[in-house]
Colleague: 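Sharing a structure with you now.
From a predicted model like this one, the values you see are computed outputs, not experimental measurements.
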Amino acid sequence: MALSLAISPCPNDTFVFHALVHGLVPGAPPVEVTYADVDVTNNAAEQGAFDLVKVSYGALPWLLDDYHLLPCGGALGRGCGPLLLTRPGAGDLTGGTVAVPGDRTTAYLLFRLWSAERPPARIEVVPFHQIMPGVAAGRYDAGLVIHEARFTYPRHGLTALVDLGEWWESTTGLPIPLGAILARRGVVDPLAAAGWIRASVERAWANPAATRDYVLAHAQELEPDVVDQHIGLYVNEFTADLGTDGLAAVEALLGRAADAGLVPQTSSSRATAWTS
């Protein structure tokens with residue numbers, strides 16, 4: 001039987017999962033793919049809607065009863081964090097409205113930690129592709145963006161008020177845990193799933209050209225140089241394996257957020273207990 005898989009249409013996800021989606025990983029089952037923004041997959045995973053699913057690390061505390069965290073396939077790294085964008089000259093946001101891509105996204109969780117002493121007056125959850133145009137048009141005072149927006153925001157006449165990745169790295173010394181891959185408990189063998197995903201990543205690295213048409217068919221930003229920068233930044237050593245630093249980053253994010261009362265108390269070690 002086919003497994004249900006939900007990922008974003010972003011180039012890093014389609015690059016990583018190209019081989020698995022196209023039946024090119026020996027021994028892996030067929031998959032039926034849904035493409036959706038991470039705010040959608042965060043909510044769907046809470047309902048147990050998918051067997052394999054890409055979610056925000058910020059949503060993890062609500063999902064561990066039903067899912068295992070896999071140690072590969074996700075998005076972590078350095079120099080790749082969310083940006084808080086404004087129009088030039090914008091200053092204090094305490095009376096303003098900030099557009100965010102989801103209320104359980106890692107971007108929003110990092111923003112809440114960063115702005116704890118001076119939170120904005122209002123938060124609006126906005127589809128990702130509407131955030132930069134909305135800030136540029138003055139509908140929002142600032143907007144949180146990720147992924148390809150790091151490379152394209154100047155085209156909208158916007159400026160970065162803060163790089164939350166730089167802030168996180170400077171305060172923790174750890175990479176930024178953005179997106180996680182989860183396997184549904186009792187449905188998917190996490191050890192087998194990790195093997196399929198690692199094989200898919202390795203195949204993509206070995207022959208990037210084979211992924212090209214598939215990646216471009218789903219990319220919101222179609223310019224090849226932007227797509228290449230996106231993949232180069234977000235598909236990295238942590239995609240193949242979280243490793244010690246990756247797991248420490250997850251533990252730090254969830255721990256700090258729980259201590260601040262922003263998420264339920266949990267632990268990355270519980271999520272990955274099957275690996276020990």
Colleague: Using the six-membered ring of Trp168, assess whether NZ or CZ of Arg78 lies under 6.0 Å from its centre and within 45 degrees of the ring axis.
Modeller: no
Colleague: Ignoring hydrogens and geometry, is there a side-chain-to-backbone donor-acceptor pair from Arg118 to Thr94 under 3.5 Å?
Modeller: no
Colleague: Do Leu84 and Val98 make a side-chain contact, defined as non-hydrogen atoms from C-beta onward lying under 4.5 Å apart?
Modeller: yes
Colleague: Could you check Asp103 against Arg112 for salt bridge (charged side-chain N to carboxylate O under 4.0 Å, His left out), going step by step and ending with a plain yes or no?
Modeller: CA-CA 10 Å; Asp103 59 357; Arg112 293 177 78 187; over 6 Å; no
Colleague: Counting N and O atoms only, with roles assigned by atom type, does the side chain of Thr105 sit under 3.5 Å from a partner on the main chain of Pro101, one being a donor and the other an acceptor?
Modeller: no
Colleague: Under a 4.0 Å threshold between the charged nitrogen and the carboxylate oxygen, would Asp13 count as salt-bridged to Lys54?
Modeller: yes
Colleague: Measure the shortest side-chain to side-chain distance between Tyr57 and Leu109 over non-hydrogen atoms and say whether it is less than 4.5 angstrom.
Modeller: no
Colleague: Hey, mind stepping through Arg155 and Glu223 against salt bridge (charged side-chain N to carboxylate O under 4.0 Å, His left out) and telling me if it holds?
Modeller: CA-CA 13 Å; Arg155 302 176 189 177; Glu223 295 180 27; 2.8 Å; yes
Colleague: Is the backbone N or O of Asp51 less than 3.5 Å from a side-chain atom of Ser4, with the two atoms forming a donor-acceptor pair by type?
Modeller: yes
Colleague: Using the side-chain contact (heavy atoms from CB on, under 4.5 Å) rule, take Tyr234 and Thr239 through it: C-alpha gap first, then chi angles, then the decisive distance, then the call.
Modeller: CA-CA 8 Å; Tyr234 292 99; Thr239 311; over 6 Å; no
Colleague: As a quick check of understanding, evaluate salt bridge (charged side-chain N to carboxylate O under 4.0 Å, His left out) for Arg198 and Asp241, giving each step before the final call.
Modeller: CA-CA 8 Å; Arg198 284 198 179 103; Asp241 192 276; 2.5 Å; yes
Colleague: Would you mind checking if Asp189 and Arg184 are paired as a salt bridge, meaning a charged N to carboxylate O distance below 4.0 Å?
Modeller: no
Colleague: Report the distance from atom CG of Leu113 to atom OH of Tyr108, rounding to the nearest 0.5 Å.
Modeller: 11.0 Å
Colleague: Could Glu46 and Arg104 be called an ion pair, given the rule that one side-chain N must be under 4.0 Å from one carboxylate O?
Modeller: yes
Colleague: Could you tell me how the ring of His22 sits relative to the ring of His18: parallel (under 30°), tilted (30 to 60°) or perpendicular (over 60°)?
Modeller: tilted
Colleague: Looking at Arg150 and Asp163, does any basic side-chain N land under 4.0 Å from a carboxylate oxygen?
Modeller: yes
Colleague: Under the rule for side chain to side chain donor-acceptor pair (under 3.5 Å), what residues qualify as partners of Asp245, not counting sequence neighbours?
Modeller: none
Colleague: Has Tyr35 got a side-chain atom pairing as donor or acceptor with Ala6's backbone, closer than 3.5 angstrom?
Modeller: no
